[in-house]
Amino acid sequence: MRLKISLLKEPKHQELVSCVGWTTAEELYSCSDDHQIVKWNLLTSETSQIVKLPDDIYPIDLHWFPKSLGVKKQTQAESFVLTSSDGKFHLISKLGRVEKSVEAHCGAVLAGRWNYEGTALVTVGEDGQIKIWSKTGMLRSTLAQQGTPVYSVAWGPDSEKVLYTAGKQLIIKPLQPNAKVLQWKAHDGIILKVDWNSVNDLILSAGEDCKYKVWDSYGRPLYSSQPHEHPITSVAWAPDGELFAVGSFHTLRLCDKTGWSYALEKPNTGSVVNIAWSIDGTQIAGACGNRHVVFAHVVEQCWEWKNFQVTLTKRRTMQVRNVLNDAVDLLEFRDRVIKASLNYAHLVVSTSLQCYVFSTKNWNTPLIFDLKEGTVSLILQAERHFLLVDGGGIYLYSYEGRFISSPKFPGMRTDILNAQTVSLSNDTIAIKDKADEKIIFLFETSTGKPLGDGKLLSHKNEILEIALDQKGLTNDRKIAFIDKNRDLYITSVKRFGKEEQIVKLGTMVHTLAWNDTCNILCGLQDTRFTVWYYPNTVYVDRDILPKTLYERDASEFSKNPHIVSFVGNQVTIRRADGSLIHISISPYPAILHEYVSSSKWEDAVRLCRFVKEQTMWACLAAMAVANRDMTTAEIAYAAID
């Protein structure tokens, strides 16, 4: 993945550009110390001056009013807040009319941010005050005040907390009075910029110590960069929380959410003082110290499945390579590609207006259907169908392009769902809610209605990551999840009256994945890579569970590795430095699963005798008891004594 930079030869502004903001995916506003607000249209490459501000207003920060989530008609932002050096903030319409100017701080107003619902605005200033304002610009409260200037501010994901800087410290303060304030030393120099993402709940900070850092919402450090030559002047999360961008003097970086760097570009920009991501997360704009506005596209993303490799070469072109025979296909699209997913022999691509479904057997005739909203934030695939998530809802389609269902629950916020909080199988959709993180909603795929008698799955702790198994009968569908204490649990999805037990499988599990062809689960525990060949053993005979595991040392993966995929008998793991590692596991348990699911017990016994492994016999014993085949069970138990 890399950034494709575009810079004009001559700058449109006469002075330093201080802030930028996107209205739609193709339109940007920029403000500069020459008092101009300029609109950039990227489709026609035209720029036009919207308004020239009075000479005493030097803009510092701009933030567009968020698009309302409920109202379908309003597709773009209509007004923005502009903070300036004269101690005021200005509410300005899209056409450039200053609708209101409010005296806010003594000295410059250094940042202003709307919350996610657009119901409140937070401003911070050189006077060290943090103030909350209503939508119309009335002062609601002064949240905090301190002796040093506050350079940057960000809202928490639920708009109930505010993160701000205090010199070298970061402070998270809830809006509730008397609630606990979190404060920690984050950098060795003054912190210049912060950002907090609503999807992954992670915090970015950039400082004059020339480093950028990633934190979780409890202030625990997840990543710290090497020192650069110059102070880091800007950081920004991509909307879906998978990437972030970093700006410094003559420098733009594209990084993964775990901190490692995809690409480093050295455009001739001066310091990039402000970075904004477009709404669909495909490009960034940077406000530059040398009067330019720099645009950068994210290109060359790569998707892999079995022997196929798909690369986004340009905004509207994909290249498919079959590594077995080196055949190359080019896929052309009408609009720019926003999201894609390759799995289960299908490639699903969403552009700004349409969705394309390709079969890996035939790349020439995709199935195309129109999208309601446009900006798809997540695509999940199962064997029979796939799921699209956008700002308006969750939609399930078959690979023939037929709309199947759209599950809903009260208070659903689709803009904060990601691959860890939604899981899809052939008959079930599981969604972890943000309002109450101890609950998992379960839906039938065919109707979109809640599963069974509509009971929710609730757990005693907050849940971090969920995953449904992919194979077998609907009645045996299992869900595995990791909770806040990093314990791994498994439970049955079907709930009829009786309380299903939630059984603990392992401790200190950081990441997990189900196999795509049979119900084998793999996970990374503290220092071990573990494969549960037959997780259902916990329901049959707990005593032989340790015998059905495969474990190997995981110290080669360094810290914080993440399982990318588990296809066939190959597990792909991404290390914290971004490198991929492939591990092969034994193919025999998968064959055993296949025999047992089609009740070929004699073949299963023959396979175990051929392989001569304790784990295989233990799996067979548990499978035989689960399927009430006692003769096979007797043979298998005898083999493991």
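A distance-only check finds no donor-acceptor pair linking the side chain of N274 to the backbone of A287 [under 3.5 Å]. In this structure a side-chain-to-backbone donor-acceptor pair under 3.5 Å is present from S32 to E15. Remark: side-chain polar atoms of E117 are not paired, donor with acceptor, to backbone N or O of T119 under 3.5 angstrom. Of the possible polar contacts, none joining the T23 side chain to the L28 backbone as a donor-acceptor pair under 3.5 Å is found. Side-chain atoms of N290 come within 3.5 Å of backbone N or O of N268 as a donor-acceptor pair. The main-chain N or O of V273 is never found under 3.5 Å from a side-chain atom of S271 such that the two would form a donor-acceptor pair. When atom types are taken as modelled, the side chain of D127 and the backbone of C106 share a donor-acceptor pair closer than 3.5 angstrom. Checking side-chain atoms of T83 against main-chain N and O of D61 turns up a donor-acceptor pair under 3.5 Å.
Checked against salt bridge (charged side-chain N to carboxylate O under 4.0 Å, His left out), K135 has no partners two or more places apart in sequence or in another chain. Shown here are the salt bridge (charged side-chain N to carboxylate O under 4.0 Å, His left out) partners of R97, two or more places apart in sequence or in another chain: E99. Legend: residues meeting side-chain hydrogen bond (donor to acceptor under 3.5 Å, both in side chains) with Y356, ordered by chain and number and at least two apart, are Q354. Residues satisfying the salt bridge (charged side-chain N to carboxylate O under 4.0 Å, His left out) criterion with R140, sequence neighbours excluded, are absent altogether. Listed by chain and residue number, nothing satisfies the salt bridge (charged side-chain N to carboxylate O under 4.0 Å, His left out) test with D436 (two or more places apart in sequence, or in another chain). Applying the side chain to side chain contact (heavy atoms under 4.5 Å, CB included) rule to F80 yields the partners Y29, I37, L62, W64, L82, I92; only residues at least two apart in sequence or on another chain are considered.
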Next on the checklist: I'd like to know whether L222 forms a side chain to side chain contact (heavy atoms under 4.5 Å, CB included) with T258, so could you lay out the CA-CA distance, the side-chain angles of the two residues, the decisive distance to 0.1 Å, and finally the verdict.
Outcome noted: CA-CA 7 Å; L222 301 180; T258 50; over 6 Å; no
Item to check | From CA spacing to verdict: ring-ring contact (aromatic ring centres under 6.0 Å, His included), H228, F249 | outcome: CA-CA 10 Å; H228 289 53; F249 181 74; over 10 Å; no
Next on the checklist: Determine whether S377 and D390 satisfy the following criterion, side chain to side chain contact (heavy atoms under 4.5 Å, CB included), listing intermediate values before the conclusion.
Outcome noted: CA-CA 5 Å; S377 58; D390 65 18; 5.5 Å; no
Next on the checklist: With salt bridge (Lys or Arg N to Asp or Glu O under 4.0 Å) as the criterion, how do D256 and R574 come out once you've worked through the C-alpha distance, each side chain's angles and the decisive distance to 0.1 Å?
Outcome noted: CA-CA 11 Å; D256 186 77; R574 196 180 280 287; 5.6 Å; no
Checklist entry - Given S205 and W215, is the side chain to side chain contact (heavy atoms under 4.5 Å, CB included) satisfied, shown in steps? => result CA-CA 8 Å; S205 63; W215 313 85; 2.9 Å; yes
Item to check | From CA spacing to verdict: side chain to side chain donor-acceptor pair (under 3.5 Å), Q319, Q309 | outcome: CA-CA 8 Å; Q319 183 188 7; Q309 187 181 30; over 6 Å; no
Checklist entry - What's the verdict on side chain to side chain donor-acceptor pair (under 3.5 Å) for T282 and H297, showing C-alpha distance, side-chain angles and the deciding distance? => result CA-CA 6 Å; T282 57; H297 269 101; 5.3 Å; no
Checklist entry - Hey, mind stepping through V299 and K314 against side chain to side chain contact (heavy atoms under 4.5 Å, CB included) and telling me if it holds? => result CA-CA 6 Å; V299 289; K314 299 186 190 130; 5.9 Å; no
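Counting only residues at least two apart or on different chains, the side chain to side chain donor-acceptor pair (under 3.5 Å) pairs with a member in residues 232-247 are D240-K339, E242-K257. Every pair passing salt bridge (charged side-chain N to carboxylate O under 4.0 Å, His left out) that includes a residue from residues 280-292 is listed here, sequence neighbours excluded: D280-R336. The salt bridge (charged side-chain N to carboxylate O under 4.0 Å, His left out) contacts involving residues 204-213 comprise nothing, where partners must be two or more places apart or lie in separate chains. Residue pairs meeting the salt bridge (charged side-chain N to carboxylate O under 4.0 Å, His left out) criterion with at least one partner in residues 157-181, sequence neighbours excluded, are absent. The ring-ring contact (aromatic ring centres under 6.0 Å, His included) pairs that include a residue from residues 134-174 number zero, where partners must be two or more places apart or lie in different chains.
For the atom pair CG (L121) and CZ (F65), the distance works out to 10.0 Å, reported to the nearest 0.5 Å. A distance of 4.5 Å separates CD1 of I232 from OG of S248, quoted to the nearest 0.5 Å. Between atom CG of residue N418 and atom CG of residue L378 there is a gap of 7.0 Å, rounded to the nearest 0.5 Å.
Q283 places a side-chain heavy atom less than 4.5 Å from the side chain of E26. V246 is not listed as a side-chain neighbour of L252, based on a closest heavy-atom distance of 4.5 Å or more. Side-chain contact check for L170 versus I191: some heavy-atom pair is nearer than 4.5 Å. At a threshold of 4.5 Å between non-hydrogen side-chain atoms, the residues M412 and T414 count as touching. In this structure, T142 and I130 have side chains that are not in contact, with every pair of non-hydrogen atoms separated by 4.5 Å or more. Looking at heavy atoms from C-beta onward, T251 lies out of side-chain contact with H230 at the 4.5 angstrom threshold. You'll find the side chain of W303 stays beyond 4.5 Å of the side chain of S341, heavy atoms only. Within the 4.5 Å cutoff, side-chain heavy atoms of C355 are placed close to those of L371.
Proximity of the aromatic rings of F89 and W133 is defined here by a centroid distance below 6.0 angstrom, and this criterion is met. Taking the six-membered ring for Trp and the full ring otherwise, the centers of Y116 and W114 sit at least 6.0 Å from each other.
T24 and W22 are not linked by any side-chain donor-acceptor pair at a separation below 3.5 angstrom, with hydrogens and angles left out of the test. Residues Q14 and Q36 have side chains that bring a donor and an acceptor to within less than 3.5 angstrom of each other. Between the side chains of T311 and T313, no donor-acceptor pair is found at a separation under 3.5 Å.
Between W40 and F295, the ring-plane angle classifies as perpendicular under the 30° and 60° cut-offs.
A salt bridge does not link D335 to R315: none of the charged side-chain nitrogens sits closer than 4.0 Å to a carboxylate oxygen. A salt bridge between K94 and E78 is absent, with no side-chain N of the basic residue lying under 4.0 Å from a carboxylate O of the acidic one. The pair E437-K432 counts as a salt bridge, with a side-chain nitrogen and a carboxylate oxygen less than 4.0 angstrom apart.
Here the rule is side chain to side chain contact (heavy atoms under 4.5 Å, CB included) with L143, and of L175, V122, V124, V153 only L175 fits it.
Smallest separation of non-hydrogen atoms from S278 and P239: O-CG, 3.6 Å.
The number of heavy-atom neighbours closer than 6.0 Å to NZ of K434, taken from other residues, nucleotides and ligands shown, is above 12.
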Side-chain donor-acceptor pairs under 3.5 Å in residues 43-58, sequence neighbours left out?
none

